[in-house]
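Following: one structure in structure tokens, then a few remarks.
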Amino acid sequence: MIDLRLLRDNPDVVRASQQARGDDPALVDAALDADARRRSSLTDYETLRAEQKALGKQVAQASGDEKAELLTRTKHLAEQVKARQSDAAQAEREVDGLLYRIPNVVDGAPAGGEEDFEVLRHEGTIRDFAAEGFAPRDHLELGEGLRAIDMARGAKVSGARFYFLTGIGARLELALLNAAMDQAVAAGFTPMITPTLVKPDTMRGTGFLGSHADEVYHLEKDDQYLVGTSEVALAGYHADEIIDLSDGPRRYAGWSACYRREAGSHGKDVRGIIRVHQFHKVEMFSYCPPEEAAAEHQRLLAWEEAMLAKVELPYRVIDTAAGDLGTSAARKFDCEAWLPTQERFLELTSTSNCTTFQARRLAVRERTADGTTRPVATLNGTLGTTRWIVAILENHQQADSSVRVPEGLRPYLGGLEVLEPVA
RNA sequence: GGAGACGUCGCAUAGUCUGGUCUAGUGCGCCACCCUGCUAAGGUGGUAACGGGGCAACCCGUUCGCGGGUUCAAAUCCCGCCGUCUCCGCCA
């Protein structure tokens, strides 16, 4: 939720943000209008309610005729109070409804849609397979050769976009995620294994039930949602709390399964494990004072890049355009690894600065030096996912269909240097 | 799944039966000041969040797990839900 005061004091900033995202700026004026109506109906209600309470005290002390007379007055007043209260509640629902539809205010992201990102830099060297004298195989062919990925049985058991990681495939994922966890712990993060089913309030609070609600699995019988990332549970972790950030940001590293419906991505990335309904992820999550959020965002990006360096992948860093930001994000940087067989970049990490947007919805606050409270900023970023296996297999493959293990992962695979195809 | 008990201000508790004097008391913790060679002890005062109004001091409202209801009036009565604990049953 955006700051109502920002909306009142600087509606132009919010209008401009809506424009940059390609969303409707008229929402801003509708919300302002509803807010004005809410405040006036609230004042009406509160005045009457104060009168009712004062009369109630007289009733308690009075007796006989005096009491009877007061009761008739107060009965009449009670009806009015009830009516004004429901007016005020109605007005409040309208404001909330409108406010919930306004995504976070964009901060620094390029305007435009999915294709309007800005490339910040390239890291690593892309291999020239032609010069090496062989055509690269794609991750599924390699994965099947290694007996690491089994799509057919995934489909048999669960349907399209499900898979088994088998043998070295399962070990590779564990190695990657353990390496990510270890790096996070070394950097001072608190490791967390989080719930993957959450209540509607938690899911709504993180902003995932907005325009992309179709992406989220919902269990109707229990009215619970399957999370698409542990960010959801980690953001909810301190909901309704006042936390102490005087010693700096609170950083958590969440390990969880992630579930995505992949609605609207029919025919896209259908082969292999690039786009699947369920995968695992290690996610960084940070609660920090709002004025430190931009610097913290850079730190999260640096930690992501440290992981990418460990697995020795060439990648580029992009500044996502406003229209491609999630509801909660004010700015987002993605790291995309080179995918040799598709000759394109594939998103491996994504770090978002949600400023105070999620914290305001989830009521996560801190106490400042002057004793007041205020919403904190929340940020998140990827440290490793199942999808990384795609880029690792393709970029480190060798002419004989074996795959070189990047040095950063060897300690997690008992020193294994090469993954050999199974005959 | 069955039976019962409980959910009150940071923590612990009183208040609920018998609705109004609850503007939610008390203890602990915390903060400020006082006292005292230092420390401990003692004294005085202050100690929730959110919203609305005001330059401000301050005023008003909401919140006693959550949501409904009864009533002129609800922490208190009624209904539903959630959570915690105890016992029993069942299952990994």
Side-chain angles (χ1 to χ4, degrees), chain A residues 1-9 31-100 102 193-205 218-225 233 236-247 250 257 287 289-290 356-376:
Chain A
M1 182 145 54
I2 63 163
D3 186 356
L4 187 55
R5 271 173 223 289
L6 175 73
L7 189 78
R8 283 178 196 157
D9 300 343
L32 279 173
D33 192 54
D35 177 49
R37 273 183 281 120
R38 169 182 150 268
R39 276 193 286 177
S40 84
S41 67
L42 192 61
T43 304
D44 288 353
Y45 158 69
E46 287 183 348
T47 307
L48 280 171
R49 177 66 176 154
E51 195 182 333
Q52 183 189 35
K53 286 177 83 167
L55 271 179
K57 275 192 187 117
Q58 292 179 39
V59 171
Q61 282 160 5
S63 58
D65 287 351
E66 196 192 354
K67 184 159 189 165
E69 196 253 335
L70 277 171
L71 277 181
T72 50
R73 276 176 63 194
T74 201
K75 238 173 207 165
H76 177 64
L77 190 59
E79 282 173 33
Q80 291 182 297
V81 167
K82 210 163 240 180
R84 293 284 85 77
Q85 183 179 29
S86 90
D87 288 352
Q90 170 66 24
E92 179 142 16
R93 272 193 300 275
E94 279 175 37
V95 177
D96 283 349
L98 288 162
L99 226 46
Y100 260 80
I102 301 177
I193 294 174
T194 64
T196 51
L197 279 172
V198 299
K199 298 201 277 188
D201 282 351
T202 308
M203 191 54 92
R204 201 168 322 132
H218 179 223
L219 288 110
E220 230 162 82
K221 267 194 181 167
D222 304 283
D223 199 16
Q224 287 177 314
Y225 293 88
Y237 188 69
H238 285 304
D240 298 316
E241 293 181 22
I242 297 171
I243 57 176
D244 183 5
L245 296 181
S246 55
D247 293 333
R250 290 224 196 177
Y287 293 90
T356 56
F357 186 87
Q358 289 179 328
R360 197 170 275 110
R361 289 188 173 197
L362 291 164
V364 187
R365 291 160 293 166
E366 67 162 330
R367 195 170 300 281
T368 56
D370 63 8
T372 59
T373 62
R374 62 170 183 176
V376 304

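So that the names make sense, note that chain A is the first sequence line, chain B the second, and so on, each numbered from 1.
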Pair assignment for B:G19, Watson-Crick or G-U wobble, requiring both distances under 3.5 Å: none
In whole Å, I'd like the distance from the CG atom of A:Leu99 to the P atom of B:G51. 13 Å
Does a side-chain heavy-atom distance below 4.5 Å link A:Leu219 with A:Leu197? yes
Once you round to the nearest 0.5 Å, how far does CZ of A:Arg365 lie from CG of A:Leu245? 13.0 Å
Can you tell me, in whole Å, how much space there is between the P of B:C79 and that of B:U18? 15 Å
Given atom CG of A:Asp222 and atom P of B:C82, what is their separation to the nearest angstrom? 11 Å
With a 3.5 Å cut-off and no angle check, do the side chains of A:Arg49 and A:Gln52 form a donor-acceptor pair? yes
Is there a Watson-Crick or G-U wobble partner for B:A24 with both distances under 3.5 Å, and which nucleotide is it? none
Once you round it to whole Å, what is the distance between P of B:C72 and CG of A:Leu55? 14 Å
Distances under 3.5 Å only, N/O to N/O: pair up the protein atoms with those of nucleotides 46-49 of chain B.
{"unit_1": "B:A49", "atom_1": "OP1", "unit_2": "A:Arg367", "atom_2": "NH1", "d": "3.0"}
{"unit_1": "B:A49", "atom_1": "O3'", "unit_2": "A:Arg365", "atom_2": "NH1", "d": "2.7"}
{"unit_1": "B:A49", "atom_1": "O2'", "unit_2": "A:Arg365", "atom_2": "NH1", "d": "3.1"}

Both distances under 3.5 Å, Watson-Crick or G-U wobble: report the partner of B:A14, or none. none
Answer yes or no: is there a side-chain heavy-atom contact under 4.5 Å between A:Arg39 and A:Asp35? yes
On RNA chain B, check which nucleotide each of A:Lys199 and A:Arg38 is closest to and give me the residue with the more 5' one. A:Arg38
Say we look at B:C22 and B:U8: how far apart would their C1' atoms be, to the nearest angstrom? 12 Å
When both hydrogen-bonding distances must be under 3.5 Å and the geometry is Watson-Crick or G-U wobble, what is B:A48 paired with, if anything? B:U63
Expected list for residues 84-93 of chain A: side-chain donor-acceptor pairs under 3.5 angstrom, two or more places apart:
{"unit_1": "A:Arg84", "atom_1": "NE", "unit_2": "A:Asp87", "atom_2": "OD2", "d": "3.2"}
{"unit_1": "A:Arg84", "atom_1": "NH2", "unit_2": "A:Asp87", "atom_2": "OD2", "d": "2.9"}
{"unit_1": "A:Ser86", "atom_1": "OG", "unit_2": "A:Ala83", "atom_2": "O", "d": "3.2"}
{"unit_1": "A:Gln90", "atom_1": "OE1", "unit_2": "A:Arg93", "atom_2": "NH2", "d": "3.1"}
{"unit_1": "A:Gln90", "atom_1": "NE2", "unit_2": "A:Glu94", "atom_2": "OE2", "d": "3.2"}

Are any non-hydrogen side-chain atoms of A:Glu51 and A:Gln80 less than 4.5 angstrom apart? no
To the nearest angstrom, the CG-P distance between A:Asp240 and B:G10 comes to 13 Å
Whole-angstrom distance between B:G83 and B:C91, as gauged at atom C1': 23 Å
So do the side chains of A:Arg367 and A:Ser246 get within less than 4.5 Å of each other, counting heavy atoms only? no
C1'-based separation of B:C77 from B:C72 [nearest Å]: 16 Å
When the distance from CD of A:Gln52 to C1' of B:A73 is rounded to whole Å, what number comes out? 7 Å
What string of B, S and - do you get for nucleotides 53-71 of chain B, 5' to 3', when a contact is any protein heavy atom under 4.0 Å? S------BSS---------
A:Asp244 atom CG is separated from B:G10 atom P, nearest whole Å, by 16 Å
For the C1' atoms, the ones on B:U23 and on B:C35, what distance do you get once it is rounded to whole angstrom? 33 Å
P gap between B:A12 and B:G65, integer Å: 14 Å
Take atom C1' in B:G15 and the same atom in B:G4, then report the distance between them in whole Å. 23 Å
Whether the side chain of A:Arg361 engages the backbone of A:Tyr100 through a donor-acceptor N/O pair (distance < 3.5 Å, no angle test) should be reported. yes
Would you call the rings of A:Tyr225 and A:His218 parallel, tilted or perpendicular, taking 30° and 60° as the class edges? parallel
Whole-angstrom distance between B:G25 and B:C38, as gauged at atom C1': 37 Å
Which one is paired to B:C33, where only Watson-Crick or G-U wobble pairs with both distances under 3.5 angstrom count? B:G43
Would the distance check show the side chain of A:Thr356 and the main-chain N or O of A:Arg360 forming a donor-acceptor pair, the cut-off being under 3.5 Å? no
Using purine N1 to pyrimidine N3 plus N6-O4 or O6-N4 for Watson-Crick, or N1-O2 and O6-N3 for G-U wobble, each under 3.5 Å, what pairs with B:C90? none
Interatomic spacing from CG in A:Leu7 to CE in A:Met1 - rounded to 0.5 Å: 11.5 Å
B:A5 pairs with which nucleotide, Watson-Crick or G-U wobble, both distances below 3.5 Å? B:U84
